[in-house]
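For reference, positions follow the sequence shown, starting with 1. Both ligands and their constituent atoms are indexed starting at 1 by order of listing. The structure presented is a predicted model; accordingly, all values stated were derived computationally and were not measured.
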Amino acid sequence: MIFHTGPTKPALMLLCCMGTWLAICSLPFGAPTAKIGTILEFLKGDLEELYKNYSKCQAAGMETDESLQLPCFTPGCEASANISTIKAYLEEVERLNENNISTAHIRKRLDDIRCSDPPKPSVSGPEDFYERKIFTLTVFKRLSDCMAKLGAKNNTSG
Ligand SMILES: *[C@@H]1O[C@H](CO)[C@@H](O)[C@H](O)[C@H]1NC(C)=O
Ligand SMILES: *[C@@H]1O[C@H](CO)[C@@H](O)[C@H](O)[C@H]1NC(C)=O
Ligand SMILES: *[C@@H]1O[C@H](CO)[C@@H](O)[C@H](O)[C@H]1NC(C)=O
Ligand SMILES: *[C@@H]1O[C@H](CO)[C@@H](O)[C@H](O)[C@H]1NC(C)=O
């Protein structure tokens, strides 16, 4: 099979071909790394802005919830599951904020950097007015930190 064409094939190919061939492989071979880098830059800016606005306005003076941890990811096909989880959190944030906050642009960008579309886990945040704000603030903070970490990783490895 194509997965075993020889020891010299890059590891990426192996990783990439363990799932659905077409869906999974369209990304690493179709989107150049530079393009993914650009999308990550935009994501970083968008999430920082959301976090800053939210922490200054709606959640002024509130602290993030240390017990709430979100997955981060290393760009690549293996990230798809974590990206689905992140999207589920963003959708829950929108629901809890009665659509006063839009994360559609962020979810769209996340779609652009993943290879497959694994089922989203179900995420439910607190309905309480105050708790809901802490949840939203924490989700934005975690994702903003995640993007910053990706940038840092990129710089030290390159
Ligand atoms: C953040 O707040 C500024 C100023 O109020 C506004 O122009 C901008 O659209 C807001 N950004 C987001 C992502 O809500
Ligand atoms: C997905 O998130 C988990 C933590 O929730 C992390 O351990 C794992 O490395 C992440 N996977 C990728 C591919 O980044
Ligand atoms: C959404 O915005 C409306 C109008 O500004 C406001 O009355 C409502 O309280 C907001 N909902 C949330 C959850 O912030
Ligand atoms: C990673 O490095 C590449 C090349 O220097 C750059 O184009 C890209 O924007 C960087 N990505 C991030 C997330 O910093």
Subject >> Near ligand 3, at a heavy-atom separation below 4.0 Å: residues by chain and residue number >> reply: L96, N97, E98, N100, R132
**OP:** Assess whether side chain to side chain contact (heavy atoms under 4.5 Å, CB included) is satisfied between L68 and V139, documenting all intermediate values.
**Re:** CA-CA 8 Å; L68 176 60; V139 168; 4.3 Å; yes
Original post:
Any non-hydrogen atom of C72 lying under 4.0 Å from ligand 2?
Top reply: yes
Subject >> Proximity of N82 to ligand 2 by residue part, where a heavy atom lies under 4.0 Å >> reply: side chain
**OP:** Write down the atom of T103, the atom of L50, and the distance for their closest heavy-atom approach.
**Re:**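 So the two residues come closest at CG2-CD1, 4.2 Å.
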**OP:** For N82, enumerate each residue passing the side chain to side chain donor-acceptor pair (under 3.5 Å) test, keeping only those at least two apart in sequence or located in another chain.
**Re:**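 N82: no side chain to side chain donor-acceptor pair (under 3.5 Å) contacts found.
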Original post:
Once you round to the nearest 0.5 Å, how far does CD1 of I86 lie from CG of L143?
Top reply: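 These two atoms lie 5.5 Å from each other.
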**OP:** Flag yes if more than 12 heavy atoms outside E63 fall under 6.0 Å of its CD atom; otherwise flag no.
**Re:**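 No, because the 6.0 Å sphere around CD of E63 holds 12 heavy atoms or fewer from other groups.
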**OP:** Taking only Lys NZ, Arg NE, NH1 and NH2, and the carboxylate oxygens of Asp or Glu, determine whether K108 and D112 approach each other closer than 4.0 Å.
**Re:**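 Looking at K108 and D112, the cut-off is met.
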**OP:** Identify whether the distance between the nearest side-chain nitrogen and carboxylate oxygen of E127 and R95 falls below 4.0 Å.
**Re:** yes
**OP:** Kindly determine whether N53 and F140 satisfy side chain to side chain contact (heavy atoms under 4.5 Å, CB included), including the steps that lead there.
**Re:** CA-CA 10 Å; N53 275 14; F140 290 159; over 6 Å; no
As an exercise, identify every atom of ligand 2 less than 4.0 angstrom from a heavy atom of [X].
{"X": "F73", "answer": "14 (O)"}
{"X": "E78", "answer": "13 (C)"}
{"X": "P71", "answer": "2 (O), 5 (O)"}

